[in-house]
Amino acid sequence: MELPFREKGDVLLRPGAMLDMRARLKVHAEKHDLVSVAAYAFDHRTRMLPFYFVDRRMCPGGVRAVGGALHEAGFEKTRVVLQTWKKRFEPSQMQLDGRIPDLFMTSSMWIHSGRMKDMLRDICRVDPDSRPLVIAGGPHMYYNPWDAFSTDASDPWRADVAVTGELYVFMELMDVLLTERATGEPLRRTFLRLKCAGALDHIAGLVFPLGDDGALPDELVDTGIQRLLKNLDELPHPVHGFRVLEPPGRGSVLSRTAIAPNKVRKVTPIASLELTYGCKFRCKYCPIPAYNQHQDREKSPQRIADEMKRLYQEYGIGFFFGSDDNFFNRHDRAIAIVEELARTTLDDGTPIRKAIGWGTEATVHDTLKMKDHLRTARTGGLKALWMGVEDMTATFVKKGQSVDKTREAFHLLWRNGINPMPMLMHDDTQPLVSFKSARGLLNQIQLLRGARAMTVQVLSLSPAPGTVLYEETYSGLAYESVNGQPVEPHLVDGNHVVASNHKRPWLKQINILIAYGYFYNPLRLLLALVRPKQRRGHLADAGAQVMGMCGLVQNLWRTPRWLWHLMRGRIKRHTAPPASPIPFRSVTGGAAPHGLPNQVTSREAPERERTPEPV
Ligand code: B12
Ligand code: SF4
């Protein structure tokens, strides 16, 4: 099920709203000495192809944006911790500036939500009187905000509030809290007071337990779908987020200082950047169109050029990944961006393309439409384009691709010096090899490699919250457990077969490993070095082969356990999507906007005893 749409005319934030909010937070920062820590949840069991290497070399944009916004406003005592490189971080131990923070935040994707829950469990070890206000955010909260609240009476951890939207929602919440906070009042107490008075109900994009601070929530309130920021130039500059990063380390406590600017690049040589949002396609397995309420949103070309330039000049970061849904979605917009980047120079006059490179995502269809502008895109620093080819024959997924079109698009990219990076989806009906057709997985890999793909992604179909297919996937396809092993979030990474009607799903699991082994192997490495199809880029190609083989070792190490369970069988499937176990309702008492169709609202829920806990 997709997220519902806001009413027409009320989908977007008023122009200038974010600028006003930034100004308001600056005023608050003069009066409130706030200490904040935001932590990115990361489950190290997900470290495999196709994201091995990049997952630890790119500081996530969401948690950086939240920390950066606080820092920009003047809340200097802010820290961003990534479990990616600080695995043993324990929120209950954290102190910054000699104090337990006023605010603790988590950011998580679904696949990392096990680690998010661990952090929430740990912070709840702090006595409620001194506990920071705890906010859960990030993509997992867009679709499953109830996951921030335990329902187990013997293990009653919880966040205080889940943010189901973007930065503006968080800033609006902070604005209301800091406006109403009494002198010396703990921020969490302000939150509980305002929540109980209904003073947070108007902030679209929050989910919190109703009433006072009972140990287990009796009911959750959803304040609605967020309003979206259209003009991304209003966002705080990303340079701020890199000033508050916690250095990597093995310890569980925070270090005294954040990473020094001259060390940032070493830790995160790649930075993700918000450039544009939106996609005109409506793929049923993708949450993006509904998430964006079918809106196109973007930064101006000048702002994008300035962000890349400053991030390079201040931190030395030389590669950027555009968090675009489909960068070429609007051709005029894409052309304006690449033309601006092509003429941008650093302060010393060097063209920016000589110092930086960037990559992003786009469709085959739109890449072909942009064929006359690919040279300018390369001049503007575009070095790699990830393309959701999914299935070259368009049997399983149709979005304007075909074998010929894919090859043509790849050829055009390569001729213009841009590396094509295909992403494939391996479905139940796809054979490993096909004869006289391009349907087979290995056939497609060979075609893509022949068309000069430098890397490849092969993911199996998994349930994706917020998509049209979500419910269908949970109605008899998605596994609940295999051989008695529950399907934990870290397994829903596209690398494990967790939704299939295939008689022998373990074959699908093996196919994925074979596909990677067919693409990344010593023979291809040798050919890349001694018999490259073209001299240009052959070392990078060889490097990609080496990295791919190292990543494959991880897959070979981590997936056989699941393969064994699949072979043993005893597959139990879900019959409905996992709705909130806690009654979930809107502010007015109706169905919660973020609830699933099978969601129980408070009116329908059976009475149960409350478990009060002193605030
Ligand atoms: C870049 C990217 C990646 C990169 C890097 C990820 C990273 N660590 O930065 C790579 C390529 C490694 C990657 C991999 C994967 N990704 Co990815 N990725 C993205 C992408 C395109 C951009 C992320 C980004 O930087 N956005 C810009 C920032 C500013 O936005 P944001 O993260 O959403 O944060 C905002 C809000 O969420 C909120 N927020 C975030 N944190 C917090 C915290 C608090 C306290 C608050 C209040 C608010 C808040 O405020 C932020 C600012 O507005 C998104 C799609 C998208 N357009 O967002 C998918 C996305 C995050 N990926 C997704 C997925 C599923 C994956 C994979 C599992 C691949 C797969 N199988 O499909 C892997 C996982 C790999 C791993 N082991 O971690 C999903 C997550 C869905 C979900 N429900 O969890 C997304 C949303 C795409 C989608 N399907 O819609 N990904
Ligand atoms: S083309 Fe890509 S971004 Fe657009 S709807 Fe389909 S999968 Fe999503």
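Whatever order the structure lists ligands and atoms in, that order sets their numbers, starting from 1.
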Can [X] be said to touch ligand 1, with heavy atoms closer than 4.0 Å?
X	value
Gly165	yes
Tyr142	yes
Ala38	no
Tyr168	no
Thr106	yes
Met141	no

Test the Arg297-Tyr277 pair against the cation-pi criterion, namely NZ or CZ under 6.0 angstrom from the six-membered ring centroid and within 45° of the ring axis.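 Arg297 over Tyr277 ring: yes.
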Which residue and atom name correspond to the protein heavy atom nearest [atom], and how close is it?
atom	answer
atom 2 (C) of ligand 1	Phe321 CE2, 4.5 Å
atom 55 (C) of ligand 1	Asp325 OD1, 4.8 Å
atom 8 (Fe) of ligand 2	Cys286 SG, 2.3 Å
atom 41 (N) of ligand 1	Ser107 OG, 2.7 Å
atom 70 (C) of ligand 1	Leu459 CD1, 4.0 Å
atom 2 (Fe) of ligand 2	Lys399 NZ, 3.6 Å

For Lys87, does the NZ atom sit with more than 12 other heavy atoms under 6.0 Å from it, leaving out its own atoms?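 No.
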Enclosure of Arg561 CZ (heavy-atom neighbours >12, cutoff 6.0 Å):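 No, not enclosed.
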Could you tell me whether the side chain of Thr223 and the main chain of Gly205 form a donor-acceptor pair under 3.5 Å?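 Here the side-chain-to-backbone pair exists.
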Quick one: does Asn495's side chain have a donor or acceptor within less than 3.5 Å of a partner on Leu49's backbone?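 It does hold such a pair.
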Please compare [options] and report which has the shortest non-hydrogen distance to [atom].
atom	options	result
atom 16 (N) of ligand 1	Met116, Glu361, Gln226, Met109	Met109
atom 69 (C) of ligand 1	Phe51, Phe170, Tyr143, Phe42	Phe51
atom 30 (O) of ligand 1	Phe104, Tyr277, Trp110	Tyr277
atom 40 (C) of ligand 1	Ser460, Pro139, Ala41, Gly138	Gly138

Locate the shortest heavy-atom distance separating [X] from [Y]; write the atom from each residue and the value.
X	Y	value
Leu441	Ala515	CD2-CB, 3.7 Å
Ala409	Val364	CB-CG1, 4.1 Å
Lys86	Pro247	CD-O, 4.0 Å

Is there a protein heavy atom less than 4.0 Å away from atom 46 (C) of ligand 1?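 So atom 46 (C) of ligand 1 has protein heavy-atom neighbours under 4.0 Å.
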Yes or no, since that's all I need: does a protein heavy atom fall within a distance strictly under 4.0 Å of atom 11 (C) of ligand 1?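 Yes, there is one.
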Is any N, O or S atom of Cys279 under 2.8 Å away from atom 4 (Fe) of ligand 2?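 It does: Cys279 brings an N, O or S atom closer than 2.8 Å to atom 4 (Fe) of ligand 2.
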Can you tell me how the ring of Tyr516 sits relative to the ring of Tyr520, calling it parallel under 30°, perpendicular over 60° and tilted otherwise?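 Ring orientation, 0 to 90° scale: parallel.
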Does one side chain, of Thr46 or Asp493, offer a donor that lies under 3.5 Å from an acceptor on the other?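 Side chains of Thr46 and Asp493: no pair found under 3.5 Å.
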Measure the spacing between NE2 of His574 and CD of Glu471 and express it to the nearest 0.5 Å.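 His574 NE2 to Glu471 CD: 14.0 Å, rounded to 0.5 Å.
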Strictly under 2.8 Å, is any N, O or S atom of Cys283 next to atom 6 (Fe) of ligand 2?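 Yes.
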Close side-chain approach of Met119 to Asp122, heavy-atom, < 4.5 Å: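 Contact flag for Met119/Asp122 side chains = no.
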Would you say Ile288 and Phe281 make side-chain contact, with heavy atoms under 4.5 Å?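 Answer no - side chains too far apart.
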For Thr363, atoms of ligand 2 separated by under 4.0 Å from a heavy atom: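 Matching atoms, with element in brackets: 1 (S).
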Show which atoms of ligand 2 fall inside a sub-4.0 Å distance from at least one heavy-atom site of Asp325.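 Result: 3 (S).
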May I ask whether Pro289 places a heavy atom under 4.0 Å from ligand 2?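 In this structure, Pro289 qualifies as a contact of ligand 2 - some heavy atom is under 4.0 Å.
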Quick one: look at Ser323 and ligand 1, take heavy-atom pairs under 4.0 Å, and tell me if it's side chain, backbone, both or neither.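 For Ser323, the contact with ligand 1 is made by both the backbone and the side chain.
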Sort out for me which residue in Asp366, Asp296, Thr276 forms a side-chain hydrogen bond (donor to acceptor under 3.5 Å, both in side chains) with Asn329.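 Checked Asp366, Asp296, Thr276 against Asn329; only one passes side-chain hydrogen bond (donor to acceptor under 3.5 Å, both in side chains): Asp296.
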